[in-house]
Amino acid sequence: QNRQPIIAIDGPAGAGKSTVARQVAAKLGLLYLDSGAMYRALTWLVLQLGISFEDQCAIAELASQSEFQLVPEVDPESPQRVWINDQEVTQAIRSIEVTSQVSAIAAQPAVRKALVQKQQIFGQKGGLVAEGRDIGTQVFPDADLKIFLTASVQERARRRQQDFEEQGQPHISLAQLEQDIAERDRKDSTRKIAPLQKAIDAIEVQTDGKDVAEVTAEIINYYHQRLSH
Ligand code: CDP
Ligand code: CDP
């Protein structure tokens, strides 16, 4: 078994998966895979093309035929750039519309099959930190380290509000953000296929009151502990 290590980070919306996974990857010299960006990009394309969400065949076809490009910026503080079929969608996939619809697309079995396969190809040689909802349970069940990142809904809503503020986006109340996050958690956790779930061998990292650097250090610690065994 000579493949490079794989670290799986799963958890609910706003737990810090993207931010922390990027930092862990940069510090350990590993690639970073944001699986959520793929579900978001596909959702954006479905909306753009005006395909009905009922038309699962057309969406599945689109999922398997589309080319997804996730390109990290040199600076690990900066989010990656995302393309689908040569259209840049970095900003567009973070819209309120995509955010509110993505869970419905992500619940379609054929969509998951197509995207999981692409993620597994991406990780064939290992050497990556992958984050999402089903990385430790479905995509890379043999990952060397599995982290389940959590935080209270209140904390996650506060983080989102701060993100929006920093990006100069219109103000959304905490109550509204809490409701949106709780609703997406509910959809992602109760779907029939590959629901958001802590893998039995995952380490749960509770992040309320911890900053990004602390959480990153904690995960890197677990990683070194694992490697020394
Ligand atoms: O960043 P945030 O937590 O808001 O969401 P994301 O990681 O970008 O994922 C967006 C949506 O994609 C989630 O709410 C899930 O519905 C879906 N997703 C999934 O089903 N499986 C994954 N491995 C990653 C994301
Ligand atoms: O990917 P996910 O939806 O799980 O979270 P994210 O998109 O990384 O957003 C998390 C936000 O909370 C970012 O603005 C982070 O700077 C901030 N944050 C964090 O990620 N981890 C902490 N321990 C504290 C704050």
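Whatever order the structure lists them in is the order used to number ligands and atoms, beginning at 1.
The shortest contact between atom 8 (O) of ligand 1 and any protein heavy atom is with Arg40 NE, 2.7 Å. From the protein, the heavy atom lying nearest to atom 17 (C) of ligand 1 is Ala106 CB, 3.7 Å. Looking only at heavy atoms of the protein, atom 16 (O) of ligand 1 is closest to Asp188 OD1, 2.6 Å.
Nearest-heavy-atom check against atom 1 (O) of ligand 1 across Gln101, Glu131, Arg160, Lys17 picks out Arg160. For atom 25 (C) of ligand 2, the nearest non-hydrogen atom from the set Glu214, Arg159, Glu218 comes from Arg159.
The shortest N or O to N or O distance between Gly14 and ligand 2 is below 3.5 Å. Polar contact with ligand 2: absent for Val20 (N/O pair, distance under 3.5 Å). Here's the thing with Glu155: none of its N/O atoms is less than 3.5 angstrom from an N/O atom of ligand 2.
Salt-bridge formation is not detected for the pair Arg133/Asp10: no Lys NZ or Arg NE/NH1/NH2 atom is positioned less than 4.0 Å from an Asp or Glu carboxylate oxygen.
Under 4.0 angstrom from ligand 2, there are no non-hydrogen atoms of Leu149. Of the heavy atoms in Lys187, none comes closer than 4.0 Å to ligand 1. Contact annotation: for Val215 versus ligand 2, heavy atoms closer than 4.0 Å belong to the side chain alone.
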Report, one line per pair, each donor and acceptor closer than 3.5 Å where one atom sits in a side chain of residues 202-213; sequence neighbours left out.
| unit_1 | atom_1 | unit_2 | atom_2 | d |
| --- | --- | --- | --- | --- |
| Gln206 | OE1 | Thr150 | OG1 | 3.0 |
| Gln206 | NE2 | Asp208 | OD1 | 2.3 |
| Thr207 | OG1 | Thr150 | O | 2.9 |
| Thr207 | OG1 | Arg159 | NH1 | 3.4 |
| Thr207 | OG1 | Arg159 | NH2 | 3.0 |
| Asp208 | OD1 | Ser152 | N | 2.8 |
| Asp208 | OD2 | Ser152 | OG | 2.8 |
| Lys210 | NZ | Gln206 | O | 2.7 |
| Lys210 | NZ | Glu218 | OE1 | 3.1 |
| Asp211 | OD1 | Ala213 | N | 3.3 |
| Asp211 | OD1 | Glu214 | N | 2.9 |

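Less than 4.0 angstrom separates some heavy atom of Pro12 from each of these atoms of ligand 2: 4 (O).
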